[in-house]
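Start at 1 and go down the list; that is how both ligands and their atoms are numbered.
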Amino acid sequence: MRPARALIDLPALRHNYRLARQLAGGRALAVVKADAYGHGAVRCAQALGADAADGFAVACLEEALALRDGGIRAPILLLEGFFEAAELPLIAQHNLWCVVHSHWQIDALERTPLPRPLRVWLKLDSGMHRVGLSPADYRAGWERLVALPQVDSLVAMTHFARADELDSARTDEQAQAFIATVAGLPGEHSVSNSPGLLGWPTLRNDWGRAGLMLYGATPFNTVQAQASQLQPVMTLESKIISVRELAAGEPIGYGGSFVTDRPTRVGVVALGYADGYPQFAPTGTPVSIDGQASRLIGRVSMDMLTVDLTDLPAAGLGSQVELWGRQVPVTEVARHLNGSAYSLLCGLKRAPRVYVE
Ligand SMILES: *Cc1c(COP(=O)(O)O)cnc(C)c1O
């Protein structure tokens, strides 16, 4: 059997969720959109306890129905709400919570009778400028929703654009805009994503929304005390299936873009970009081989990649290679690519997931 696989550490997932809930000071939605950032939404939701988690959040109805099919009875929030009014009866029937982020959604709700009223999370655009009602429109939107028999209760929410930048003033500005806009409105509040929960303790309120941190990756570029308590959930790993001894001056792989600058022992790993490892990871990206630090060399192929064994004489055929996980933080790999841990984790493909209790 091909040795490429993604181990998913379920106790680590539960540990991270408990940390998120503790940091939230209230309750925390476990964000399992995009197939739980590549970790498998149904298995992860089940591992967090079909009823134990305060609730889950996904991007859309399709993702929520997959969780309901998997036996998840806890609340589920649709982070983008609905895309057309025809989804509303299903949303009500499956007892899903629904973000409303645009005027057209309020219009559609007004026109659509429902078998039971919805819990609506009304989103404020406090500065991200992607979706959400503007501060000037927010209270009028709230009043329209409160008046509808289709609406059972309202939660006020907003989303931070730069909470991962611990020295940026932007997050406090967004929080101030939120507080000023929702002042006096009854109901619960939700502002914090993972960097908000980890890095901005004064901004916590009723509901945290924890995504990346559940999977044990830090959203920050620097060491941060709370983030240091996270445990990586995914370990992407494979084995060395071939070893080459090359003289200095020899090209490796497609394009010959990497040329050895010393006599080099090259290990070929059975894992490539078709497994979700980034095709444009540069030479020097960290890997761990039998627990020892080494580096990627040469261009990543579809099914294989090459690593430097020159300084690891004990490593060879059959050695275990970790591409990211406990020894190589995924955020560290992302840094080498100018990418993000989010996109690396979501990009997992082909390599089968193996769940570890
Ligand atoms: C994806 C998402 C989150 C989770 O963000 P993380 O940074 O992964 O914690 C929270 N809130 C909203 C609205 C989202 O879309």
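- Environment of CZ in Phe83: crowded, with over 12 heavy atoms of neighbouring residues, nucleotides or ligands closer than 6.0 Å.
- Nearest to atom 8 (O) of ligand 1 among the protein's heavy atoms is Tyr37 OH, 2.6 Å.
- Among protein heavy atoms, the minimum distance from atom 12 (C) of ligand 1 is reached at His159 CE1, 3.4 Å.
- Scanning the protein heavy atoms around atom 7 (O) of ligand 1, the nearest turns out to be Tyr342 OH, 2.6 Å.
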Worksheet entry | Residue pair Asp125, Ser134: steps toward the side chain to side chain donor-acceptor pair (under 3.5 Å) verdict | CA-CA 5 Å; Asp125 175 9; Ser134 69; over 6 Å; no
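- For ligand 1 and Gly211, the ligand atoms under 4.0 Å from any heavy atom of the residue are 4 (C), 6 (P), 8 (O), 9 (O).
- A 6.0 Å sphere centred on CZ of Arg244 holds no more than 12 heavy atoms belonging to other residues, nucleotides or ligands.
- Comparing Glu80, Lys33, Arg209 against atom 11 (N) of ligand 1, the shortest heavy-atom distance belongs to Arg209.
- Of all the heavy atoms in Val31 and Tyr215, the pair that sits closest is O-OH, 2.8 Å.
- A salt bridge links Arg144 with Glu110: the closest approach of a Lys/Arg side-chain nitrogen to an acidic carboxylate oxygen falls below 4.0 angstrom.
- In terms of N/O distances under 3.5 Å, ligand 1 is not approached by Met213.
- Between the side chains of Thr283 and Arg295, not a single donor N or O lies within less than 3.5 Å of an accepting N or O.
- Between Trp97 and Phe56, the distance separating the two ring centers is not shorter than 6.0 angstrom.
- Heavy atoms of Pro195 approach ligand 1 to within less than 4.0 angstrom.
- Atom numbering of ligand 1 starts at 1 in the shown order; those under 4.0 Å from a heavy atom of Ser194 are 6 (P), 7 (O), 9 (O).
- Close approach of ligand 1 to Leu212 is summarised as follows: ligand atoms under 4.0 Å from at least one heavy atom of the residue are 6 (P), 8 (O), 9 (O).
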